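Throughout, protein chains are lettered first and strands after them, A, B, ... in sequence-line order, and every chain is numbered starting at 1. Keep in mind the model is a prediction, meaning the values are calculated, not measured.
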There are 2 protein chains.
Amino acid sequence: MGAQLHQLLREAIVQTTLKPGTALSETDIATRYQVSRQPVREAFIRLAQEDLVEIRPQRGTFVRRIVAANVLDARFVREAVEVAVAREAAMNADAAAIARLHVTLKAQAAAHDNPGFLSADEAMHREIALIAGRESAWRIVDQVKAQMDRVRYLSYVDVSPIDQLLSQHRAIVDAIAAHDADAAEMAVRIHMAEILQQLPELARRYPEMFETS
Amino acid sequence: MGAQLHQLLREAIVQTTLKPGTALSETDIATRYQVSRQPVREAFIRLAQEDLVEIRPQRGTFVRRIVAANVLDARFVREAVEVAVAREAAMNADAAAIARLHVTLKAQAAAHDNPGFLSADEAMHREIALIAGRESAWRIVDQVKAQMDRVRYLSYVDVSPIDQLLSQHRAIVDAIAAHDADAAEMAVRIHMAEILQQLPELARRYPEMFETS
DNA sequence: GCTGCTATACTACCATACAAGCAGTTATTG
DNA sequence: CAATAACTGCTTGTATGGTAGTATAGCAGC
(Lines give C-alpha, C1' and ligand atoms only; values in the text may rest on other atoms or scores of the structure.)
Protein backbone atom coordinates (compact mmCIF):
# COMPACT_ATOMS: atom_id res chain seq x y z
CA MET A 1 0.00 0.00 0.00
CA GLY A 2 2.83 2.39 0.78
CA ALA A 3 4.22 2.18 -2.72
CA GLN A 4 0.81 2.69 -4.29
CA LEU A 5 0.19 5.71 -2.12
CA HIS A 6 3.50 7.15 -3.18
CA GLN A 7 2.55 6.70 -6.81
CA LEU A 8 -0.86 8.29 -6.32
CA LEU A 9 0.42 11.29 -4.45
CA ARG A 10 3.28 11.73 -6.85
CA GLU A 11 0.93 11.95 -9.79
CA ALA A 12 -1.31 14.35 -7.95
CA ILE A 13 1.61 16.61 -7.14
CA VAL A 14 3.15 16.51 -10.61
CA GLN A 15 -0.19 17.29 -12.19
CA THR A 16 -0.64 20.11 -9.65
CA THR A 17 -3.87 18.56 -8.48
CA LEU A 18 -2.16 19.04 -5.16
CA LYS A 19 -1.03 22.62 -5.42
CA PRO A 20 2.44 23.77 -4.35
CA GLY A 21 2.37 25.01 -0.78
CA THR A 22 -0.50 22.75 0.26
CA ALA A 23 -0.18 21.20 3.73
CA LEU A 24 -0.39 17.42 3.73
CA SER A 25 -1.31 15.84 7.04
CA GLU A 26 -0.39 12.22 7.66
CA THR A 27 -3.65 11.59 9.49
CA ASP A 28 -5.67 13.35 6.80
CA ILE A 29 -4.35 11.24 3.98
CA ALA A 30 -4.53 8.15 6.17
CA THR A 31 -8.25 8.51 6.89
CA ARG A 32 -8.97 9.49 3.31
CA TYR A 33 -7.40 6.33 1.92
CA GLN A 34 -8.52 4.10 4.81
CA VAL A 35 -5.05 3.13 5.95
CA SER A 36 -2.96 3.83 9.00
CA ARG A 37 -0.49 6.66 9.30
CA GLN A 38 2.51 4.45 8.71
CA PRO A 39 2.16 3.80 4.97
CA VAL A 40 1.36 7.46 4.45
CA ARG A 41 4.44 8.44 6.33
CA GLU A 42 6.57 6.16 4.21
CA ALA A 43 5.09 7.61 1.04
CA PHE A 44 5.98 11.07 2.35
CA ILE A 45 9.57 10.00 2.87
CA ARG A 46 9.82 8.84 -0.70
CA LEU A 47 8.28 12.05 -1.95
CA ALA A 48 10.64 14.10 0.17
CA GLN A 49 13.61 12.33 -1.37
CA GLU A 50 12.31 13.30 -4.79
CA ASP A 51 12.01 16.87 -3.59
CA LEU A 52 8.28 16.92 -4.18
CA VAL A 53 7.34 17.55 -0.56
CA GLU A 54 9.14 19.05 2.38
CA ILE A 55 8.86 17.41 5.78
CA ARG A 56 9.31 19.94 8.54
CA PRO A 57 9.65 18.05 11.80
CA GLN A 58 6.88 18.65 14.31
CA ARG A 59 5.35 21.22 11.99
CA GLY A 60 3.96 19.54 8.93
CA THR A 61 4.55 18.23 5.47
CA PHE A 62 4.02 20.54 2.52
CA VAL A 63 3.95 20.21 -1.22
CA ARG A 64 7.14 21.91 -2.29
CA ARG A 65 6.73 25.20 -4.03
CA ILE A 66 8.33 25.42 -7.43
CA VAL A 67 11.82 26.86 -7.24
CA ALA A 68 12.82 28.39 -10.56
CA ALA A 69 16.48 27.53 -10.04
CA ASN A 70 15.62 23.88 -9.45
CA VAL A 71 13.53 23.71 -12.59
CA LEU A 72 16.37 25.22 -14.57
CA ASP A 73 18.83 22.77 -13.07
CA ALA A 74 16.48 19.90 -13.85
CA ARG A 75 16.29 21.10 -17.42
CA PHE A 76 20.05 21.38 -17.51
CA VAL A 77 20.55 17.82 -16.32
CA ARG A 78 17.89 16.48 -18.59
CA GLU A 79 19.35 18.19 -21.63
CA ALA A 80 22.81 16.86 -20.86
CA VAL A 81 21.59 13.31 -20.42
CA GLU A 82 19.07 13.22 -23.23
CA VAL A 83 21.55 14.66 -25.68
CA ALA A 84 23.98 11.89 -24.88
CA VAL A 85 21.17 9.33 -25.00
CA ALA A 86 19.96 10.56 -28.38
CA ARG A 87 23.46 10.35 -29.80
CA GLU A 88 23.75 6.73 -28.73
CA ALA A 89 20.27 5.97 -29.99
CA ALA A 90 21.27 7.38 -33.36
CA MET A 91 24.17 4.96 -33.44
CA ASN A 92 22.24 1.90 -32.25
CA ALA A 93 18.85 2.26 -33.89
CA ASP A 94 17.83 -0.61 -36.12
CA ALA A 95 14.75 -0.81 -38.33
CA ALA A 96 12.50 -2.19 -35.59
CA ALA A 97 13.51 0.56 -33.20
CA ILE A 98 12.80 3.25 -35.74
CA ALA A 99 9.42 1.68 -36.41
CA ARG A 100 8.60 1.84 -32.69
CA LEU A 101 9.47 5.52 -32.64
CA HIS A 102 7.17 6.19 -35.55
CA VAL A 103 4.39 4.46 -33.65
CA THR A 104 4.80 6.82 -30.72
CA LEU A 105 4.78 9.76 -33.10
CA LYS A 106 1.47 8.57 -34.52
CA ALA A 107 0.10 8.21 -31.01
CA GLN A 108 1.09 11.77 -30.25
CA ALA A 109 -0.54 13.09 -33.39
CA ALA A 110 -3.69 11.13 -32.62
CA ALA A 111 -4.04 12.21 -28.99
CA HIS A 112 -4.80 15.86 -29.42
CA ASP A 113 -5.89 16.41 -25.86
CA ASN A 114 -3.18 17.51 -23.55
CA PRO A 115 -2.97 14.76 -20.94
CA GLY A 116 -2.85 12.11 -23.65
CA PHE A 117 -0.13 13.95 -25.48
CA LEU A 118 2.03 14.24 -22.40
CA SER A 119 1.98 10.52 -21.74
CA ALA A 120 2.78 9.78 -25.37
CA ASP A 121 5.55 12.34 -25.10
CA GLU A 122 6.97 10.53 -22.10
CA ALA A 123 6.72 7.20 -23.88
CA MET A 124 8.75 8.45 -26.80
CA HIS A 125 11.58 9.83 -24.72
CA ARG A 126 11.63 6.62 -22.75
CA GLU A 127 11.78 4.57 -25.92
CA ILE A 128 14.77 6.54 -27.14
CA ALA A 129 16.59 5.77 -23.90
CA LEU A 130 15.82 2.08 -24.28
CA ILE A 131 17.10 2.10 -27.84
CA ALA A 132 20.30 3.62 -26.56
CA GLY A 133 20.49 0.75 -24.08
CA ARG A 134 20.40 3.12 -21.12
CA GLU A 135 17.42 1.94 -19.15
CA SER A 136 18.73 2.88 -15.75
CA ALA A 137 19.82 6.25 -17.09
CA TRP A 138 16.21 6.90 -17.93
CA ARG A 139 15.27 6.40 -14.29
CA ILE A 140 17.35 9.46 -13.47
CA VAL A 141 15.77 11.51 -16.20
CA ASP A 142 12.36 10.42 -15.03
CA GLN A 143 13.09 11.58 -11.53
CA VAL A 144 14.40 14.92 -12.65
CA LYS A 145 11.59 15.34 -15.11
CA ALA A 146 9.03 15.59 -12.32
CA GLN A 147 10.20 19.09 -11.46
CA MET A 148 9.75 20.15 -15.07
CA ASP A 149 6.44 18.41 -15.56
CA ARG A 150 4.88 20.30 -12.70
CA VAL A 151 5.56 23.45 -14.67
CA ARG A 152 4.25 21.89 -17.85
CA TYR A 153 1.00 20.97 -16.17
CA LEU A 154 0.64 24.54 -15.00
CA SER A 155 0.84 25.69 -18.58
CA TYR A 156 -0.93 22.90 -20.33
CA VAL A 157 -4.21 24.74 -20.56
CA ASP A 158 -2.98 27.58 -22.67
CA VAL A 159 0.68 28.10 -23.39
CA SER A 160 2.07 24.92 -24.87
CA PRO A 161 1.79 24.68 -28.66
CA ILE A 162 1.36 20.98 -29.30
CA ASP A 163 2.03 21.19 -33.02
CA GLN A 164 5.36 22.79 -32.34
CA LEU A 165 6.35 20.10 -29.83
CA LEU A 166 5.26 17.43 -32.26
CA SER A 167 7.42 18.82 -35.05
CA GLN A 168 10.34 18.96 -32.63
CA HIS A 169 9.77 15.32 -31.84
CA ARG A 170 9.67 14.50 -35.54
CA ALA A 171 13.02 16.18 -35.99
CA ILE A 172 14.52 14.04 -33.23
CA VAL A 173 13.16 10.82 -34.66
CA ASP A 174 14.25 11.72 -38.19
CA ALA A 175 17.78 12.39 -37.01
CA ILE A 176 17.91 9.08 -35.16
CA ALA A 177 16.47 7.24 -38.16
CA ALA A 178 19.16 8.84 -40.33
CA HIS A 179 21.80 7.73 -37.80
CA ASP A 180 22.91 11.36 -37.62
CA ALA A 181 24.15 11.91 -34.08
CA ASP A 182 24.94 15.58 -34.54
CA ALA A 183 21.50 16.31 -35.92
CA ALA A 184 19.93 14.34 -33.06
CA GLU A 185 21.88 16.39 -30.55
CA MET A 186 20.76 19.66 -32.11
CA ALA A 187 17.14 18.51 -32.27
CA VAL A 188 17.15 17.54 -28.60
CA ARG A 189 18.74 20.81 -27.56
CA ILE A 190 16.10 22.78 -29.41
CA HIS A 191 13.39 20.67 -27.85
CA MET A 192 14.79 21.11 -24.35
CA ALA A 193 14.90 24.87 -24.78
CA GLU A 194 11.13 24.96 -25.01
CA ILE A 195 10.41 25.18 -21.30
CA LEU A 196 12.73 28.14 -20.93
CA GLN A 197 10.23 30.35 -22.67
CA GLN A 198 7.32 29.30 -20.49
CA LEU A 199 8.95 29.51 -17.11
CA PRO A 200 9.18 33.28 -16.54
CA GLU A 201 5.64 33.86 -17.75
CA LEU A 202 4.30 31.17 -15.43
CA ALA A 203 6.25 32.42 -12.45
CA ARG A 204 4.63 35.80 -13.03
CA ARG A 205 1.13 34.41 -13.41
CA TYR A 206 1.12 31.96 -10.50
CA PRO A 207 3.36 33.60 -7.92
CA GLU A 208 1.81 31.67 -5.01
CA MET A 209 3.13 28.42 -6.45
CA PHE A 210 6.70 29.60 -6.62
CA GLU A 211 9.26 29.96 -3.90
CA THR A 212 10.22 33.60 -3.67
CA SER A 213 13.57 32.95 -2.01
CA MET B 1 17.25 9.23 14.08
CA GLY B 2 15.87 7.82 10.86
CA ALA B 3 17.83 10.26 8.74
CA GLN B 4 21.05 9.63 10.67
CA LEU B 5 20.64 5.90 10.27
CA HIS B 6 20.18 6.36 6.57
CA GLN B 7 23.40 8.32 6.37
CA LEU B 8 25.32 5.75 8.40
CA LEU B 9 24.13 2.78 6.40
CA ARG B 10 24.65 4.61 3.15
CA GLU B 11 28.28 5.24 3.96
CA ALA B 12 28.77 1.67 5.05
CA ILE B 13 27.31 0.37 1.82
CA VAL B 14 29.19 2.75 -0.45
CA GLN B 15 32.46 1.93 1.27
CA THR B 16 31.57 -1.77 0.97
CA THR B 17 31.88 -2.17 4.72
CA LEU B 18 28.51 -3.78 4.18
CA LYS B 19 29.25 -6.12 1.34
CA PRO B 20 26.95 -6.52 -1.66
CA GLY B 21 24.54 -9.37 -1.10
CA THR B 22 24.51 -9.04 2.69
CA ALA B 23 21.13 -9.53 4.33
CA LEU B 24 20.03 -6.59 6.48
CA SER B 25 17.44 -7.41 9.10
CA GLU B 26 15.27 -4.64 10.53
CA THR B 27 15.46 -6.13 13.98
CA ASP B 28 19.19 -6.70 13.74
CA ILE B 29 20.01 -3.12 12.87
CA ALA B 30 17.43 -1.89 15.36
CA THR B 31 18.97 -3.70 18.32
CA ARG B 32 22.48 -2.83 17.19
CA TYR B 33 21.77 0.90 17.13
CA GLN B 34 19.40 0.84 20.11
CA VAL B 35 16.34 2.10 18.28
CA SER B 36 13.04 0.59 17.31
CA ARG B 37 12.38 -1.07 13.99
CA GLN B 38 10.47 1.83 12.53
CA PRO B 39 13.37 4.24 11.96
CA VAL B 40 15.37 1.38 10.51
CA ARG B 41 12.59 0.57 8.15
CA GLU B 42 12.43 4.17 7.00
CA ALA B 43 16.15 4.23 6.41
CA PHE B 44 15.76 1.09 4.31
CA ILE B 45 13.13 2.78 2.19
CA ARG B 46 15.44 5.68 1.49
CA LEU B 47 18.26 3.32 0.61
CA ALA B 48 15.99 1.32 -1.66
CA GLN B 49 15.09 4.46 -3.57
CA GLU B 50 18.78 5.07 -4.15
CA ASP B 51 19.12 1.52 -5.39
CA LEU B 52 21.58 0.65 -2.65
CA VAL B 53 19.41 -2.04 -1.07
CA GLU B 54 16.63 -4.20 -2.37
CA ILE B 55 13.57 -4.79 -0.25
CA ARG B 56 11.95 -8.10 -1.09
CA PRO B 57 8.57 -8.17 0.66
CA GLN B 58 8.24 -10.80 3.35
CA ARG B 59 11.70 -12.09 2.45
CA GLY B 60 14.29 -9.64 3.54
CA THR B 61 16.32 -6.59 2.68
CA PHE B 62 19.65 -7.06 0.97
CA VAL B 63 22.56 -4.87 0.01
CA ARG B 64 22.27 -4.68 -3.73
CA ARG B 65 24.87 -6.48 -5.68
CA ILE B 66 26.76 -4.39 -8.16
CA VAL B 67 25.23 -4.55 -11.60
CA ALA B 68 27.77 -3.71 -14.27
CA ALA B 69 25.13 -2.19 -16.55
CA ASN B 70 23.99 0.13 -13.77
CA VAL B 71 27.53 1.27 -13.07
CA LEU B 72 28.05 1.97 -16.74
CA ASP B 73 24.80 3.90 -16.92
CA ALA B 74 25.76 5.86 -13.83
CA ARG B 75 29.05 6.70 -15.45
CA PHE B 76 27.21 7.68 -18.61
CA VAL B 77 24.90 10.06 -16.76
CA ARG B 78 27.69 11.48 -14.71
CA GLU B 79 29.83 12.15 -17.74
CA ALA B 80 26.99 13.89 -19.53
CA VAL B 81 26.19 16.12 -16.58
CA GLU B 82 29.71 16.86 -15.46
CA VAL B 83 30.78 17.75 -18.97
CA ALA B 84 27.98 20.29 -19.17
CA VAL B 85 28.79 21.53 -15.68
CA ALA B 86 32.48 21.92 -16.46
CA ARG B 87 31.68 23.91 -19.58
CA GLU B 88 29.55 26.33 -17.58
CA ALA B 89 32.15 26.52 -14.86
CA ALA B 90 34.74 27.45 -17.47
CA MET B 91 32.51 30.33 -18.52
CA ASN B 92 31.64 31.55 -15.02
CA ALA B 93 34.83 31.05 -13.08
CA ASP B 94 36.25 34.17 -11.50
CA ALA B 95 39.57 34.55 -9.69
CA ALA B 96 38.17 33.54 -6.32
CA ALA B 97 36.59 30.41 -7.74
CA ILE B 98 39.82 29.37 -9.42
CA ALA B 99 41.64 29.91 -6.15
CA ARG B 100 39.19 27.61 -4.38
CA LEU B 101 39.82 24.91 -6.97
CA HIS B 102 43.55 25.20 -6.43
CA VAL B 103 42.99 24.73 -2.73
CA THR B 104 41.19 21.44 -3.31
CA LEU B 105 44.01 20.33 -5.59
CA LYS B 106 46.48 21.00 -2.82
CA ALA B 107 44.33 19.03 -0.41
CA GLN B 108 44.32 16.09 -2.80
CA ALA B 109 48.07 16.18 -3.21
CA ALA B 110 48.52 16.37 0.55
CA ALA B 111 46.18 13.48 1.41
CA HIS B 112 48.07 10.60 -0.05
CA ASP B 113 46.02 7.97 1.69
CA ASN B 114 43.09 6.73 -0.26
CA PRO B 115 40.06 7.62 1.86
CA GLY B 116 41.32 11.15 2.27
CA PHE B 117 41.89 11.51 -1.42
CA LEU B 118 38.39 10.33 -2.26
CA SER B 119 36.73 12.95 -0.08
CA ALA B 120 38.96 15.67 -1.51
CA ASP B 121 38.07 14.35 -4.94
CA GLU B 122 34.40 14.66 -4.14
CA ALA B 123 34.89 18.16 -2.79
CA MET B 124 36.52 19.32 -6.00
CA HIS B 125 33.79 18.02 -8.28
CA ARG B 126 31.23 19.57 -5.99
CA GLU B 127 33.01 22.89 -6.06
CA ILE B 128 32.99 22.89 -9.86
CA ALA B 129 29.24 22.37 -9.84
CA LEU B 130 28.82 25.27 -7.44
CA ILE B 131 30.96 27.50 -9.62
CA ALA B 132 28.71 26.61 -12.52
CA GLY B 133 25.76 27.67 -10.37
CA ARG B 134 24.22 24.21 -10.56
CA GLU B 135 23.87 23.21 -6.95
CA SER B 136 20.78 21.09 -7.36
CA ALA B 137 22.30 19.44 -10.43
CA TRP B 138 25.07 18.25 -8.17
CA ARG B 139 22.54 16.46 -6.00
CA ILE B 140 21.74 14.25 -8.96
CA VAL B 141 25.37 13.54 -9.67
CA ASP B 142 25.93 12.76 -6.02
CA GLN B 143 23.13 10.23 -6.06
CA VAL B 144 24.36 8.56 -9.23
CA LYS B 145 27.93 8.64 -8.01
CA ALA B 146 27.15 6.21 -5.20
CA GLN B 147 26.96 3.33 -7.65
CA MET B 148 30.37 4.22 -9.02
CA ASP B 149 31.95 4.86 -5.66
CA ARG B 150 31.14 1.37 -4.49
CA VAL B 151 33.32 0.11 -7.29
CA ARG B 152 36.02 2.60 -6.48
CA TYR B 153 36.15 1.44 -2.90
CA LEU B 154 36.52 -2.10 -4.10
CA SER B 155 39.59 -1.09 -6.01
CA TYR B 156 41.05 1.48 -3.71
CA VAL B 157 43.54 -0.89 -2.19
CA ASP B 158 45.46 -1.65 -5.29
CA VAL B 159 44.25 -0.59 -8.71
CA SER B 160 43.66 3.12 -8.65
CA PRO B 161 46.69 5.21 -9.58
CA ILE B 162 46.29 8.36 -7.52
CA ASP B 163 48.93 10.33 -9.35
CA GLN B 164 47.13 9.75 -12.59
CA LEU B 165 43.80 10.87 -11.15
CA LEU B 166 45.46 13.93 -9.71
CA SER B 167 46.95 14.94 -13.03
CA GLN B 168 43.54 14.48 -14.63
CA HIS B 169 42.08 16.79 -12.02
CA ARG B 170 44.79 19.32 -12.72
CA ALA B 171 43.89 19.26 -16.40
CA ILE B 172 40.26 20.00 -15.58
CA VAL B 173 41.13 22.88 -13.28
CA ASP B 174 43.60 24.33 -15.77
CA ALA B 175 41.00 24.28 -18.51
CA ILE B 176 38.45 25.99 -16.29
CA ALA B 177 41.02 28.56 -15.18
CA ALA B 178 41.79 29.26 -18.84
CA HIS B 179 38.06 29.65 -19.53
CA ASP B 180 38.45 27.03 -22.23
CA ALA B 181 35.16 25.12 -22.34
CA ASP B 182 36.24 22.68 -25.01
CA ALA B 183 39.37 21.75 -23.13
CA ALA B 184 37.35 21.35 -19.94
CA GLU B 185 34.98 19.01 -21.72
CA MET B 186 37.80 16.89 -23.03
CA ALA B 187 39.50 16.75 -19.66
CA VAL B 188 36.31 15.63 -17.95
CA ARG B 189 35.64 12.96 -20.56
CA ILE B 190 39.12 11.56 -20.11
CA HIS B 191 38.67 11.58 -16.36
CA MET B 192 35.31 9.83 -16.55
CA ALA B 193 36.74 7.10 -18.74
CA GLU B 194 38.97 6.01 -15.89
CA ILE B 195 36.50 3.69 -14.20
CA LEU B 196 35.89 1.83 -17.45
CA GLN B 197 39.28 0.22 -17.19
CA GLN B 198 38.81 -0.96 -13.63
CA LEU B 199 35.32 -2.42 -13.94
CA PRO B 200 35.94 -5.65 -15.89
CA GLU B 201 38.96 -6.54 -13.79
CA LEU B 202 37.01 -6.03 -10.56
CA ALA B 203 34.02 -8.00 -11.80
CA ARG B 204 36.39 -10.85 -12.44
CA ARG B 205 38.12 -10.61 -9.10
CA TYR B 206 35.05 -10.18 -6.88
CA PRO B 207 32.34 -12.16 -8.66
CA GLU B 208 30.27 -12.62 -5.49
CA MET B 209 29.71 -8.88 -5.28
CA PHE B 210 28.32 -8.62 -8.78
CA GLU B 211 24.93 -9.54 -10.12
CA THR B 212 25.39 -12.25 -12.68
CA SER B 213 22.13 -11.56 -14.50
C1' DG C 1 16.93 -43.61 -0.06
C1' DC C 2 13.76 -40.36 -1.94
C1' DT C 3 9.70 -37.46 -2.12
C1' DG C 4 6.26 -34.58 -0.06
C1' DC C 5 4.11 -32.44 3.84
C1' DT C 6 4.25 -29.80 8.17
C1' DA C 7 5.90 -27.12 11.92
C1' DT C 8 8.75 -23.38 12.85
C1' DA C 9 11.39 -19.49 12.59
C1' DC C 10 12.29 -15.93 10.19
C1' DT C 11 10.89 -11.66 7.12
C1' DA C 12 8.59 -7.15 5.81
C1' DC C 13 4.19 -4.89 6.46
C1' DC C 14 0.46 -2.50 8.84
C1' DA C 15 -2.10 -0.71 12.84
C1' DT C 16 -2.09 1.42 17.11
C1' DA C 17 -0.47 3.81 21.16
C1' DC C 18 2.54 6.97 23.17
C1' DA C 19 5.97 10.75 23.25
C1' DA C 20 7.84 15.27 22.02
C1' DG C 21 7.73 19.65 19.88
C1' DC C 22 5.67 23.77 17.85
C1' DA C 23 1.98 27.48 17.41
C1' DG C 24 -1.82 30.07 18.44
C1' DT C 25 -5.21 31.23 21.91
C1' DT C 26 -6.78 32.05 26.27
C1' DA C 27 -6.36 33.03 30.90
C1' DT C 28 -3.79 35.03 34.53
C1' DT C 29 -1.06 38.30 36.78
C1' DG C 30 1.68 42.42 37.53
C1' DC D 1 -3.95 47.64 29.93
C1' DA D 2 0.08 44.87 28.81
C1' DA D 3 2.90 41.12 29.25
C1' DT D 4 3.49 36.53 30.28
C1' DA D 5 2.39 31.99 31.32
C1' DA D 6 -0.29 27.97 30.80
C1' DC D 7 -3.31 25.44 27.93
C1' DT D 8 -5.09 23.24 23.78
C1' DG D 9 -4.88 21.46 19.34
C1' DC D 10 -2.23 20.32 15.97
C1' DT D 11 2.05 18.22 13.77
C1' DT D 12 5.81 14.56 13.00
C1' DG D 13 8.69 11.02 15.51
C1' DT D 14 9.22 6.56 17.91
C1' DA D 15 8.03 2.14 20.04
C1' DT D 16 5.56 -2.08 19.96
C1' DG D 17 2.11 -5.69 18.97
C1' DG D 18 -0.05 -8.44 15.67
C1' DT D 19 -0.59 -10.24 10.65
C1' DA D 20 0.53 -12.44 6.44
C1' DG D 21 3.76 -14.25 3.65
C1' DT D 22 8.13 -17.00 2.64
C1' DA D 23 11.90 -20.36 3.25
C1' DT D 24 13.74 -24.15 5.56
C1' DA D 25 14.56 -28.07 8.45
C1' DG D 26 12.81 -32.20 9.91
C1' DC D 27 9.71 -35.89 9.97
C1' DA D 28 6.34 -39.12 7.83
C1' DG D 29 5.17 -42.12 4.30
C1' DC D 30 6.19 -44.52 0.23
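Taking every heavy atom of residues 24-31 of chain B and every atom of DNA chain C, pairs under 4.0 Å involve Leu24(B), Ser25(B), Glu26(B), Thr27(B), by number. Of the residues in residues 41-51 of chain B, those lying under 4.0 Å from DNA chain C by heavy-atom distance are Arg41(B).
Under the salt bridge (charged side-chain N to carboxylate O under 4.0 Å, His left out) criterion, the residue pairs touching residues 4-21 of chain B are Arg10(B)-Glu50(B), with sequence neighbours excluded. A salt bridge (charged side-chain N to carboxylate O under 4.0 Å, His left out) check over residues 190-199 of chain B, counting only residues at least two apart or in different chains, returns nothing.
Along DNA chain D, read 5' to 3', the first and last nucleotides having any atom under 4.0 Å from a heavy atom of chain A are dT11(D) to dA15(D).
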Using a 3.5 Å cut-off and no angle test, enumerate the donor-acceptor pairs between side-chain atoms of residues 127-142 of chain B and protein atoms at least two apart in sequence or in another chain.
from	atom 1	to	atom 2	distance (Å)
Glu127(B)	OE2	Arg100(B)	NE	2.7
Glu127(B)	OE2	Arg100(B)	NH2	3.4
Arg134(B)	NE	Glu88(B)	OE1	3.0
Arg134(B)	NH1	Leu72(A)	O	3.4
Arg134(B)	NH1	Asp73(A)	OD1	2.9
Arg134(B)	NH2	Glu88(B)	OE2	3.1
Ser136(B)	OG	Asp73(A)	OD2	2.8

Which atom pairs, donor and acceptor, lie under 3.5 Å between side-chain atoms of residues 58-70 of chain B and protein residues at least two apart or in another chain?
from	atom 1	to	atom 2	distance (Å)
Arg64(B)	NH1	Asp51(B)	OD2	3.2
Arg65(B)	NH1	Glu208(B)	O	2.5

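Rounded to 10 degrees, the angle separating the terminal helix axes of the helix from dG1(C)-dC30(D) to dG30(C)-dC1(D), each built from five base pairs, is 20°.
Heavy-atom minimum distance, Phe210(A) versus Leu202(A): CE1-O, 3.8 Å. Annotation for Ala184(B) and Ala90(B): closest pair CB-CB, 4.5 Å, computed over non-hydrogen atoms. Contact detail for Ala86(B) and Ile176(B): the closest heavy-atom pair is O-CG1, 4.3 Å. Counting all heavy atoms, side chain and backbone alike, Met192(B) lies closest to Arg78(B) at CE-NE, 3.6 Å.
For the side-chain hydrogen bond (donor to acceptor under 3.5 Å, both in side chains) criterion with Lys145(B), the lone passing option out of Glu122(B), Glu82(B), His125(B) is Glu122(B). Of the listed residues (Leu101(A), Leu105(A), Thr104(A)), just one forms a side-chain contact (heavy atoms from CB on, under 4.5 Å) with His169(A), and that residue is Leu105(A).
Here Ala48(A) pairs with Val53(A), Ile55(A) under the side chain to side chain contact (heavy atoms under 4.5 Å, CB included) rule; sequence neighbours left out. Legend: residues meeting salt bridge (charged side-chain N to carboxylate O under 4.0 Å, His left out) with Arg204(B), ordered by chain and number and at least two apart, are Glu201(B). Under the side chain to side chain donor-acceptor pair (under 3.5 Å) criterion, Gln147(A) pairs with no residue at all, not counting sequence neighbours.
Using a 4.0 Å cut-off between a side-chain N of Lys or Arg and a carboxylate O of Asp or Glu, Arg152(B) and Asp121(B) qualify as a salt bridge.
Put simply, CD1 on Ile55(B) is 8 Å from P on dA12(C), counting in whole angstrom units.
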Nucleotide-resolved protein contact map, nucleotides 17-24 of chain C, B/S/- at heavy-atom distance under 4.0 Å: BB-BBSS-
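For Thr31(B) (side chain) and Thr27(B) (main-chain N/O), a donor-acceptor pair under 3.5 Å exists by modelled atom type.
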